[in-house]
Amino acid sequence: MPELPDVEVFKRYLDATSLHREIAHAMVRQSRVLRCAPSTLRRNLEGERLTGTRRHGKHLFAAISNGRWLELHFGMTGHLKAFQKQEREPAHVQLRLDFTDGWHLAYVNTRLLGRLDVVHDPQAVILELGLGPDALDLDLGEFRELFEGRRGMVKPTLMNQDVLAGLGNVWTDEILFQARLHPETEIPDLSDDDVKRLFATMRRVLREGMEHGVDPEELPDGYLLVRREEGADCPRGCGGSVERITVSGRAGYYCPRCQPRS
DNA sequence: AGTACCACCTGACGGC
DNA sequence: TGCCGTCAGGTGGTAC
């Protein structure tokens with residue numbers, strides 16, 4: 001689930017529920033998501049407040065009142081859950097902030113594929129991980145440059161976080177479907193018109209995803225992501241049916257009729 | 001540089 | 001009901 005639109009929704013959720021509240025206690029579960037000692041998390045959070053958030057691709061950073069940042073990555077199954085004292089805590093909580101006013105914020109992650117850390121500087125983390133620009137923080141010219149001198153297929157390229165940060169399997173399929181590009185289209189075969197259309201589609205789809213992604217039912221008509229199964233009717237209503245394809249070891253879905261090979 | 005494949009974890013789902 | 005194989009939207013390493 002957690003790709004750029006989902007992480008942006010988490011960011012807004014954290015902003016709305018957990019900023020400027022004093023952290024009385026931090027419960028840290030020892031697990032592989034931790035990139036630092038549990039005591040480091042506790043020491044940097046207890047008695048402090050979260051004061052703001054930043055997102056880059058699928059990474060979320062929450063500013064701590066001591067000048068450091070809490071880094072959160074959600075892997076495949078991570079999310080945030082705010083709740084009050086009397087509510088039951090969700091399962092698989094890896095980090096829980098207990099605020100002095102009785103509210104809690106939990107980082108929940110079932111499959112433990114994410115990461116939690118306390119860092120000095122988000123920008124340094126982005127550099128260290130070699131992340132490309134955020135998919136919503138570049139203009140057409142910069143987007144065009146991403147493809148220059150590059151070989152390979154468009155789907156794995158868009159999903160490559162070193163090239164462009166934020167797109168995962170599901171939203172990449174969605175963007176390619178709506179831009180009518182076959183997932184295996186070779187980068188050098190993209191026309192300038194294709195690149196322009198891809199850029200505009202990516203921005204629109206990601207924005208719509210952020211506004212409605214929490215509830216796919218609310219997405220505008222014609223979205224592929226609500227029909228990710230072999231043989232489903234093409235959401236665009238072209239009369240074709242959705243097919244499954246494996247690209248770079250990842251299962252992808254597309255409509256061969258709307259997205260012909262070039 | 002690009003791609004395929006495995007691994008890391010846990011849970012859901014379908015077949016028997 | 002239960003066991004087993006398969007698959008899942010992320011990343012990271014290895015080998016070709």
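Chain letters run A, B, ... following the sequence lines, proteins first, then strands; residues in each count from 1. What's counted below: heavy atoms across the whole structure, side chains too, no hydrogens, waters or symmetry copies.
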Each nucleotide N or O in nucleotides 12-16 of chain C that has a protein N or O under 3.5 Å away: list the pair and distance.
none

Between the protein and nucleotides 11-14 of chain B, list every N/O to N/O distance that falls short of 3.5 Å.
unit_1	atom_1	unit_2	atom_2	d
B:dG11	OP1	A:H92	NE2	3.1

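When the C1' atom of B:dG2 is taken as reference, atom CE of A:M159 falls 14 Å away, rounded to whole Å. Atom-to-atom, CZ of A:R244 to C1' of C:dT6 comes out at 10 Å; the value is rounded to the nearest Å. Across the protein-nucleic acid pair, A:I245 atom CD1 and C:dG9 atom P stand 14 Å apart, rounded to whole Å.
Contact check, A:R151 against B:dT3: no side-chain N or O comes under 4.0 Å of OP1 or OP2. In terms of phosphate contacts, A:K58 brings no side-chain nitrogen or oxygen within less than 4.0 Å of OP1 or OP2 of C:dG9. In this model, the phosphate group of C:dT11 is approached by a side-chain N or O of A:H73 to a distance below 4.0 Å at OP1 or OP2.
Annotation: side chain of A:L105 is in contact with side chain of A:L80 (closest heavy-atom distance under 4.5 Å).
By the side-chain contact (heavy atoms from CB on, under 4.5 Å) test, A:V226 is found to be paired with A:P216, residues two or more places apart in sequence or in another chain being considered.
For the segment residues 74-81 of chain A, residues with any heavy atom less than 4.0 angstrom from an atom of DNA chain C are, sorted by number, A:G75, A:M76.
A:F177 belongs to a hydrophobic cluster with A:L224, A:V242, A:Y253, counting contacts under 4.5 Å between side-chain heavy atoms of Ile, Leu, Val, Met, Phe, Trp and Tyr, direct or through other members.
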Q: Represent DNA chain C in dot-bracket notation, 5' to 3'. Only Watson-Crick or G-U wobble pairs with both distances under 3.5 Å count; pseudoknot-style crossings use [ ] and interstrand partners use |.
A: .|||||||.|||||||
